[in-house]
Amino acid sequence: MRPDQFMTPTAFARRLRQNLTPEERIMWNLLRNRKLMGYKFLRQHPIKVWETDGHYHFYYADFYCSEKRLVIEIDGLIHCLQEDYDRARDVIMIELNLQVLRVSNEEVNGNVDGVLQKITYYLNSSPSPFSMG
């Protein structure tokens, strides 16, 4: 799904939220309402990555925790065909001081507890960008 040239980033994110994959739905049910360690996660969150000629360009994170600046991407089969694109996207997000955790659909379906442990590790190991020290 690509954003319509007349659609705002917020409107496009809303459309994405209406069309979650089954794996994204599973993860959303586990992350929403501060269910994981009290952290707030947003789904299909637009992240402004650059501006050209007064136009902003966005990436849409499957899940985003602003307190820890953590982006979680749930990767389906299409990501096997776009590994270079995903790597380039990750580099840009890392340059924006974001952490990126990629999880496959197979991991969500086969070991969701392991996925939650991975996310918990990231949440515990990264300092809050807003903390003093």
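All values derive from a computational prediction rather than experimental measurement. Just so you know, these numbers use all the heavy atoms, side chains as well, and skip hydrogens, waters and symmetry mates.
Between Tyr64 and His45, the two ring planes are parallel [angle under 30°; tilted spans 30° to 60°].
For Phe63, the ring-ring contact (aromatic ring centres under 6.0 Å, His included) criterion is met by no residue, not counting sequence neighbours. Among residues two or more places apart in sequence or in another chain, the salt bridge (Lys or Arg N to Asp or Glu O under 4.0 Å) test is passed with Arg89 by Glu73.
The shortest heavy-atom contact between Ile119 and Phe41 is CG2-CZ, 4.1 Å. The minimum heavy-atom distance linking Asp62 with Ile74 is given by the pair OD2-N, 2.7 Å. Closest approach of Arg43 to Arg17, counting heavy atoms only: O-NE, 3.0 Å. Residues Ile47 and Met93 share a closest heavy-atom pair of CD1-SD, 4.4 Å. Glu107 and Ser104 get closest at one heavy-atom pair: OE1-N, 2.9 Å. Residue Pro9 comes nearest to Tyr60 through the heavy atom pair CA-OH, 3.2 Å, listed as atom of the first residue, atom of the second, then distance.
Counting heavy atoms from C-beta outward, Leu30 and Val112 have side chains that approach closer than 4.5 Å. Taking the side chain as every heavy atom from C-beta outward, Gln44 and Asn19 never approach each other to under 4.5 Å.
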(request) Show the numbers, then the answer: is there a side chain to side chain contact (heavy atoms under 4.5 Å, CB included) between Val108 and Val103? (result) CA-CA 7 Å; Val108 173; Val103 178; 3.9 Å; yes
(message) Apply side chain to side chain contact (heavy atoms under 4.5 Å, CB included) to residues Val49 and Glu95 and explain how you reach the verdict.
(response) CA-CA 10 Å; Val49 290; Glu95 288 173 356; over 6 Å; no
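With hydrogens and angles ignored, the 3.5 Å screen pairs no side-chain donor or acceptor of Ser66 with any backbone N or O of Arg69. A distance-only check finds no donor-acceptor pair linking the side chain of Lys40 to the backbone of Arg34 [under 3.5 Å].
Within the model, atoms OH of Tyr122 and CD1 of Ile72 stand 10.0 Å from one another, a figure rounded to the nearest 0.5 Å. Rounded to the nearest 0.5 angstrom, His57 NE2 and Thr52 OG1 are separated by 2.5 Å. Considering CZ of Phe58 and CH2 of Trp50, their distance stands at 11.0 Å, rounded to 0.5 Å.
The cluster map of Ile, Leu, Val, Met, Phe, Trp and Tyr, joined by side-chain heavy atoms under 4.5 Å apart, puts Val91 and Leu96 in different clusters. Hydrophobic clustering (ILVMFWY, side-chain heavy atoms < 4.5 Å, transitive): Val100 and Tyr59 are in one cluster.
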What pairs of donor and acceptor atoms, side-chain ones from residues 21-29 against any protein atom, are under 3.5 angstrom apart with sequence neighbours left out?
unit_1 : atom_1 : unit_2 : atom_2 : d
Thr21  : OG1    : Glu24  : N      : 3.1
Glu23  : OE2    : Asn109 : ND2    : 2.8
Glu24  : OE1    : Thr21  : N      : 2.9
Arg25  : NH2    : Leu20  : O      : 3.4
Asn29  : ND2    : Arg25  : O      : 3.3

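Just one of Asn111, Leu123, Leu101 meets the side-chain contact (heavy atoms from CB on, under 4.5 Å) condition when paired with Lys118; it is Leu101.
Taking the centre and axis of the six-membered ring of Tyr56, the NZ or CZ atom of Lys48 falls inside the cone set by 45° and 6.0 Å.
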